[in-house]
Protein chains: 2
Amino acid sequence: MRRMTARPANAHQARLLRLLRDGGPNSRAQLGDQIDLSRSKLAVEVDRLLETDLVVADGLAASRGGRRSHNVRLNPGLRFLGVDIGATSVDVAVTNAELEILGHLNQPMDVREGPVAVFEQVLSMAAKLRASGLAEGFDGAGIGVPGPVRFPEGVPVAPPIMPGWDGFPVREALSQELGCPVMVDNDVNLMAMGERHAGVARSVGDFLCVKIGTGIGCGIVAGGDVHRGVTGSAGDIGHIQAVPDGRPCACGNRGCLEAHFSGAALARDAVEAAQQGLSEELASRLAANGTLTAVDVAAAAAAGDATALDLIREGGNRVGQVIAGLVSFFNPGLVVIGGGVTGLGHNLLAAIRTQVYRQSLPLATGNLPIVLGELGPTAGVIGAARLISDHVFSPA
Amino acid sequence: MRRMTARPANAHQARLLRLLRDGGPNSRAQLGDQIDLSRSKLAVEVDRLLETDLVVADGLAASRGGRRSHNVRLNPGLRFLGVDIGATSVDVAVTNAELEILGHLNQPMDVREGPVAVFEQVLSMAAKLRASGLAEGFDGAGIGVPGPVRFPEGVPVAPPIMPGWDGFPVREALSQELGCPVMVDNDVNLMAMGERHAGVARSVGDFLCVKIGTGIGCGIVAGGDVHRGVTGSAGDIGHIQAVPDGRPCACGNRGCLEAHFSGAALARDAVEAAQQGLSEELASRLAANGTLTAVDVAAAAAAGDATALDLIREGGNRVGQVIAGLVSFFNPGLVVIGGGVTGLGHNLLAAIRTQVYRQSLPLATGNLPIVLGELGPTAGVIGAARLISDHVFSPA
DNA sequence: CAACTTTCTCCACTCACAGGACAAAGAAGA
DNA sequence: TCTTCTTTGTCCTGTGAGTGGAGAAAGTTG
């Protein structure tokens with residue numbers, strides 16, 4: 001099962017691999033247009049890449065007015081594994097070297113069951129994907145966890161919502177099992193990388209990616225790189241105070257953003273509203289299912305339920321207020337809203353936009369798009385694959 | 001007056017110049033310890049630098065157990081000009097190539113008098129420094145302005161507190177007048193760079209530098225680089241909402257941080273308190289001077305005046321609350337507090353610390369020093385000199 | 001004064017890279 | 001079909017970057 005994937009020998013080769021990854025199959029001549037190298041040097045480096053099995057020849061390109069150029073592409077047999085561990089579910093996907101998803105599995109699972117149980121699950125899902133013929137082995141795996149990570153070592157640190165994971169050597173353990181390089185990161189950072197690679201943030205250098213799911217977090221991309229902070233907890237905005245003396249939060253404080261708006265908070269507020277008889281729509285759904293989720297609120301709002309709309313609007317205002325502050329501070333070129341609650345759609349977005357455009361200075365908001373992520377649940381696994389491919393496609 | 005300062009020919013030379021700048025005179029052998037080059041290559045590059053007049057020989061070093069090494073140092077005749085334009089005063093300083101301040105002038109001046117008047121002032125101060133024999137000409141000048149800057153062009157954009165400066169070609173104009181390269185940045189960013197070069201943030205890669213003066217701003221250093229944002233307005237935290245439905249702010253909103261705590265807000269609150277008879281100390285100072293400033297509040301607090309202490313504490317709480325949010329978001333390794341109100345000293349710091357340590361998560365605050373800047377009014381001009389020296393000491 | 005260390009200089013060798021000459025392959029028009 | 005032009009690939013040479021070793025120069029230590 002162990003595969004010794006070759007690694008680029010120098011920065012030029014790394015650059016070429018990334019061009020092929022992001023642009024797909026390409027002719028040698030086109031590569032020359034995108035890289036600052038003489039034709040002769042380029043030919044040498046491409047030939048060397050062909051000698052490893054990272055890159056393979058791929059026929060002739062169409063003529064551009066003269067002799068046809070030889071196509072090259074990344075080895076179509078390369079496989080990356082993208083893993084996204086959420087608070088309540090696990091996503092595992094297999095991609096090719098161009099980071100296209102070949103297979104994707106999702107499994108509900110509580111992260112609090114601990115690293116051993118979750119690992120078993122992840123490995124069995126990976127085995128399933130392999131058994132279905134999508135991969136013989138993996139050339140690298142990226143994995144996201146819902147908490148802070150000491151990035152260089154790939155180890156979660158003091159993760160509030162995943163007790164038992166503190167200090168667990170995720171990177172090393174998974175690398176052992178899979179026999180390939182592994183990189184670990186916070187799930188929100190991976191979502192940001194995913195949207196940057198293939199989503200709304202394509203090639204944006206400075207942006208924020210707010211993920212609102214069970215909890216709330218924010219991926220920070222500055223100068224094209226993810227900013228992780230000194231202890232890996234950057235972007236942990238769930239416990240910023242949104243409401244002075246507001247609702248009590250699990251962290252011990254009051255008024256945290258997460259306590260006022262998140263998947264969990266929204267469900268709680270919806271149940272309360274239903275029980276208080278404020279909304280027939282929500283009450284009937286509560287009676288039917290015994291519980292409510294963000295999906296129910298979204299459906300009720302879509303059906304015109306005023307209470308549901310109010311809940312969404314108020315939540316959007318809270319998040320929007322915090323984001324307004326972050327926009328003033330960070331001055332991003334784009335804000336992406338993602339995570340489980342994106343089903344709330346335009347109502348949520350409208351409330352956020354209102355707050356941000358009202359509270360932040362015109363210079364910061366003048367040309368600032370605030371949009372929903374476009375990759376949905378695949379953002380995380382694509383980001384994970386991207387993370388490990390950046391690693392594998394860099395000089396050893 | 002025009003001087004054609006040589007520029008390093010490659011990255012190695014640039015690296016060597018910066019080592020000499022930051023480490024002072026140094027032997028060739030010691031330079032070899034700090035740079036990853038063979039002895040022969042190092043000798044070649046140092047010799048080339050000696051051929052330009054950027055670097056000069058400087059005798060022999062002490063023996064380290066064998067043959068004594070030749071010392072080299074940056075040309076002691078190199079001169080940088082550091083300019084810090086504040087809302088109410090202008091600082092101009094001359095430094096040598098090691099960024100040591102050789103002369104420093106300060107002049108009260110309202111930035112709203114516009115770029116032409118301020119420029120005249122700056123140039124006359126620079127002329128004065130030159131006339132006193134500190135410099136024959138300048139090899140570069142850095143300048144900070146109290147507002148957002150389009151950094152690559154060196155032009156202020158939509159600066160709220162300095163009308164008339166919008167779009168004024170600061171970089172080009174000053175470069176013309178002085179006949180040397182010029183770089184322009186936000187004053188807060190320069191303060192951060194100053195504290196990073198020679199102050200409390202020496203060699204810290206990720207930190208925040210909060211400057212509380214007439215207004216309030218925050219320098220952001222991420223991965224060793226200043227983060228300026230897409231429109232140059234990053235760190236503009238004065239208009240983050242600190243108090244819902246709070247005091248009206250000049251920007252049109254309510255409850256902005258700056259409206260509740262800043263040099264201006266503190267003076268206003270102190271006058272109010274004095275007029276309401278809450279503090280004899282403040283009232284007598286008001287009667288004596290006809291007005292109050294942060295200095296008066298600091299003095300009153302030092303004398304044990306409870307009202308002054310309350311003002312400081314409450315202001316510190318406001319700022320602290322905002323900083324707590326930024327700490328959660330950015331996860332810095334250090335927070336520096338600077339600007340005019342640092343005279344409030346420990347009382348202010350204590351209030352800020354309390355808020356941050358109480359509201360941010362332990363992982364982010366566990367090892368987070370929150371300290372006062374140690375360079376005071378020289379931070380800005382040192383940062384300005386550092387900015388231009390980074391430019392001059394980079395390959396042309 | 002001998003033995004050892006550090007530093008500097010010189011030289012030969014390797015490798016990265018550019019750029020030009022030329023051949024191969026195709027397009028477009030006569 | 002033939003000629004001319006364009007594009008692409010290959011080969012070769014020249015330049016400069018950079019390494020590493022030999023040995024000389026300059027010190028220290030006992």
Side-chain angles (χ1 to χ4, degrees), chain A residues 6-20 23-52 54-74 393-396, chain B residues 6-20 23-52 54-74 393-396:
Chain A
R7 295 279 289 275
N10 57 43
H12 295 314
Q13 292 184 16
R15 181 85 208 287
L16 289 168
L17 291 173
R18 291 171 196 210
L19 285 172
L20 289 172
N26 224 323
S27 72
R28 295 167 89 115
Q30 273 177 304
L31 287 174
D33 298 341
Q34 299 171 69
I35 196 171
D36 190 27
L37 277 180
S38 65
R39 271 211 311 270
S40 36
K41 178 63 176 164
L42 174 64
V44 169
E45 295 300 348
V46 172
D47 287 344
R48 285 184 191 161
L49 283 174
L50 286 167
E51 279 173 29
T52 73
L54 287 170
V55 166
V56 299
D58 190 32
L60 290 170
S63 166
R64 297 199 294 181
R67 177 175 173 175
R68 295 167 65 192
S69 183
H70 293 272
N71 275 337
V72 291
R73 59 175 303 187
L74 290 169
F393 292 163
S394 64
Chain B
R7 295 279 289 273
N10 58 43
H12 296 313
Q13 293 184 14
R15 182 85 208 289
L16 288 169
L17 291 174
R18 290 171 196 211
L19 285 173
L20 289 172
N26 223 323
S27 73
R28 296 168 88 114
Q30 273 176 305
L31 288 174
D33 297 342
Q34 299 171 69
I35 197 170
D36 191 27
L37 277 180
S38 65
R39 270 209 312 276
S40 32
K41 178 64 177 163
L42 174 64
V44 169
E45 295 300 349
V46 173
D47 287 344
R48 285 182 191 165
L49 283 175
L50 286 167
E51 278 171 29
T52 73
L54 287 171
V55 166
V56 298
D58 190 32
L60 290 171
S63 167
R64 295 199 295 182
R67 176 174 172 177
R68 296 165 66 191
S69 182
H70 293 272
N71 274 336
V72 290
R73 59 175 303 185
L74 290 169
F393 292 164
S394 65

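Nothing here was measured: the structure is a model prediction, and the numbers come from that model. Hydrogens, waters and symmetry mates play no part in the numbers below; they use all other heavy atoms, side chains included.
With rounding to the nearest 0.5 Å, the separation of CG in B:L54 from CD in B:Q13 is 8.5 Å. For the atom pair CG of A:L16 and CG of A:L42, the computed distance is 6.0 Å after rounding to the nearest 0.5 Å. The CZ atom of A:R18 sits 12.0 Å away from atom CG of A:L74, with the distance rounded to the nearest 0.5 Å. One distance of note links NE2 of B:H70 with CG of B:L60; it measures 5.5 Å at 0.5 Å rounding. Taking CG from A:L31 and CD from A:Q34, the interatomic distance works out to 6.0 Å, rounded to the nearest 0.5 Å.
One interatomic measurement links the two molecules: CG of A:L16 to P of C:dC17, which rounds to 12 Å at whole-angstrom precision. In this structure, A:E45 places its CD atom 14 Å from P of C:dC15, rounding to the nearest Å. What separates NZ of B:K41 from C1' of C:dT14 is a distance of 15 Å, to the nearest Å.
Residue B:A11 comes nearest to B:P395 through the heavy atom pair N-CG, 3.9 Å, listed as atom of the first residue, atom of the second, then distance. Pairing each heavy atom of B:D58 with each of B:P25, the nearest pair is OD2-CB, 4.0 Å.
Ranked by how close their nearest DNA chain C nucleotide is to the 5' end, B:S69 and A:R39 are led by B:S69.
With respect to the salt-bridge test (charged N to carboxylate O, under 4.0 angstrom), the residues B:E45 and B:R48 qualify.
Of all the residues in residues 24-33 of chain B, B:R28, B:A29 reach under 4.0 Å from DNA chain C with at least one non-hydrogen atom.
Residues A:R73 and A:V56 meet the side-chain proximity criterion, which asks for heavy atoms closer than 4.5 Å. Residues B:R15 and B:P8 have side chains not in contact (no heavy-atom distance under 4.5 Å, counting atoms from C-beta outward).
Nucleic acid contact for A:S38: base, since at least one base atom lies under 4.0 Å from a heavy atom of the residue.
Boundaries of the chain B contact region on DNA chain D are D:dA17 to D:dT28, first to last in 5' to 3' order (nucleotide atom under 4.0 Å from a heavy atom).
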All N/O pairs under 3.5 Å across the protein-nucleotides 25-28 of chain C interface:
residue: C:dA25; atom: N3; partner: A:R67; partner atom: N; Å: 3.3

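A salt bridge (charged side-chain N to carboxylate O under 4.0 Å, His left out) with A:D33 holds for exactly one of A:R28, A:R64, A:R39; it is A:R64.
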